[in-house]
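Chain letters run A, B, ... following the sequence lines, proteins first, then strands; residues in each count from 1.
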Amino acid sequence: MGNEILELLNDEASVKILVTVDEHGLPHPAVKSSLRYCGGEVIYLEYLESSRTNRGMTRSLWYEKDVVILLARPGEKSFVIVAHPVRALVCGKEFQRYYEEVQRERGDFDLAAVWIMKPLAVTDQSLDVRVAEETARHPHFMHLDRLAKYKETP
Amino acid sequence: MTAAVRRSTLSFGEVAAKYPEFPRFVMLKIDLHRRGVYYTERALAAVDPARHQTGGTHIFGTRDGQLTYRPEAFILRDGTLVLTTPTPLENNDPYIVDQIGGKLILLDKGQELDEIFYWDKPDYYDKKTSRGVLMQNVAGCRPQRLYITPNRFCHFWSEKGGGGCGFCDIVNNLKQQRAEIRMPTRLDPRDVSETVREALKEKGRFTAVFLTSGSDFRGKKPFDREVDYYIEILKAIGENFATEKFPSQLLCTALSKDQIRRLHDETGLTSITMDIEVLNERLFDIVCPGKAKWIGYQEWKRRMIDAVDIFGPNRVGTGIVSGVELVPPFGFPSEDEALTAVLGEADELAAQGVGTVNMIWVPRSGSPLGRHKNASLEYYVRLAQGLQAIRRKHGLEIDFDDYRRCGNHPDSDLARGL
Ligand code: SF4
């Protein structure tokens, strides 16, 4: 399933937005550069214990809800990844390895949790791809002037 | 003849269906604490003593009376800690931990529930201090908390003490620990300082220092000895920090305002907890006769509120051993009545800045109330929900005693998501 797209999570040129939902049902999008893809799993390093995303991730795991990652690329390319949180690493040797990595990269910095997610679906949301899809599947969804034989030139 | 306590009889599935907003992980933890856990031979074979933390150093004993060498406890997929001790199969219908397909799996009545994970052992655990004391006997730990017990003897059990708490087996446990693992009764501050120094070398391991002891009413004023000793130990710990204060929690007797001020002003301590154990004056007098004799229920509450003036809100707590309030013949006749009473008093305390957390009472064989039953799953779910709702209502936070720094309170586990 879209592995080459999931790999784009590891590309620095990607803008990655993680969307969770709070207890009132309000979506909470946040740019998360720490998102990555590794060994078939999507990994997210959460730096702040009290962040809204961390609470949202906790609730997703508790109530078995999926989260959404929007992956934006240069040149109007974008992809949506639906993922399911399966584990929160908050302690132990594996957690500590990530903690040390964060410290190496950011200096004196903390790590609250390592979220492990299973990717469920990847959708190409790029404008050119979506236009082609809509034109093919929904021929009624367009303005007629675009099809007019005799067009006024502006 | 005593009338039976009116308890909920709902099964796990029925409680889960009735309270869909209550997280399953936390509900499972509650039930694991209630009923206990049994490790199969295969699950025990998966314990790697070089990698996993095994039990034995805890201040209270185990459910089956055996101290060592089994997994200290385990963790669920969401990071929820389960702190229960092994329980004999024939007692209390425990959950089972087995090793299946190379994974540790939790089972109930033959049904596979979820994967669990043993705790990793900290690097300092098998090292010794310069005086030759095994560091794990100086500081035990939870996954992210250093757990220091400076004094394992509680003087409420002594002749003048008035009587230890009915659910407590500290003295019997200490006897066993001294015999089996050479556990010191009192710690030397030098050993504590060296152990903390060693523990802090491990990056990303600990987020809090926790101290607790048996009560010691001796001294010029009652409990001065306890306070002097805590200050000495806290200063020894503080030697290892670059900052004046360090994230920490002291669980102690309800001390006088002067004593609390000394702890705050003379050490790096950042929070204080004084477990009242039972939120009802009549039951407190019965279940905690030593506390009642030396301090008294109303005074205990006043002192906790005084502590808020010193440590500030969100830094003062109290704990209850939930379930003892239902023990016949003296307990509440029904779970509904117990909940109304307990939550009512917790609400009053929260309004004055004191947060209440609950521990699931584990009847231990070495304690006076050890042959009684704890409460129903539904009771504990409602209690946890109620305590968290009270904190939210009063804008209280429980950071120093939450799912990660402690992990022994289902209600404060909820704070990370509700
Ligand atoms: S105060 Fe009560 S619970 Fe604490 S150690 Fe003494 S007897 Fe046990």
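Annotation: Lys203(B), atom NZ; neighbour count of heavy atoms from other residues, nucleotides and ligands within 6.0 Å does not exceed 12. For Arg315(B), the CZ atom sits in a loose shell: 12 or fewer heavy atoms of surrounding residues, nucleotides or ligands are nearer than 6.0 Å. Within 6.0 Å of the CD atom in Glu76(A), the count of heavy atoms belonging to other residues, nucleotides or ligands does not exceed 12. Annotation: His138(A), atom NE2; neighbour count of heavy atoms from other residues, nucleotides and ligands within 6.0 Å is above 12.
Without hydrogens or angle criteria, Gln144(B) side chain to Cys91(A) main chain gives no donor-acceptor distance under 3.5 Å. Judged by distance alone, with hydrogens and angles left aside, the side-chain atoms of Arg404(B) form a donor-acceptor pair with the main-chain N or O of Val90(A) at under 3.5 Å. With hydrogens and angles disregarded, a donor-acceptor distance shorter than 3.5 Å links the side chain of Arg55(A) to the backbone of Leu418(B). Using a distance-only test at 3.5 Å, with no hydrogens or angles considered, a donor-acceptor pair links the side chain of Arg77(B) to the main chain of Val86(A).
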Please evaluate residues Glu49(A) and Arg405(B) with respect to the criterion salt bridge (Lys or Arg N to Asp or Glu O under 4.0 Å), reporting the C-alpha separation (whole Å), side-chain torsions for both, the decisive distance (0.1 Å), and the verdict. CA-CA 12 Å; Glu49(A) 183 82 60; Arg405(B) 273 137 287 269; 3.3 Å; yes
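Trp62(A) places none of its side-chain heavy atoms less than 4.5 Å from the side chain of Glu21(B). Side-chain contact between Lys93(A) and Asp123(B): present, with at least one pair of heavy atoms (C-beta onward) separated by less than 4.5 Å.
Heavy-atom minimum distance, Pro20(B) versus Tyr63(A): O-CE2, 4.0 Å.
With values rounded to the nearest 0.5 angstrom, Thr58(A) atom OG1 is found 6.5 Å from Tyr403(B) atom OH.
Taking the ring centre of Phe117(B) as origin, the terminal cationic atom of Arg87(A) falls inside the region bounded by 6.0 Å and 45° from the ring axis.
A salt bridge links Glu23(A) to Arg392(B): one of the charged nitrogens lies within less than 4.0 Å of a carboxylate oxygen.
Heavy atoms closer than 4.5 Å to chain B are found in the side chain of Gln103(A), but not in its backbone. Residue contact with chain B, scored on non-hydrogen atoms closer than 4.5 Å, involves the backbone and the side chain of Leu61(A) alike.
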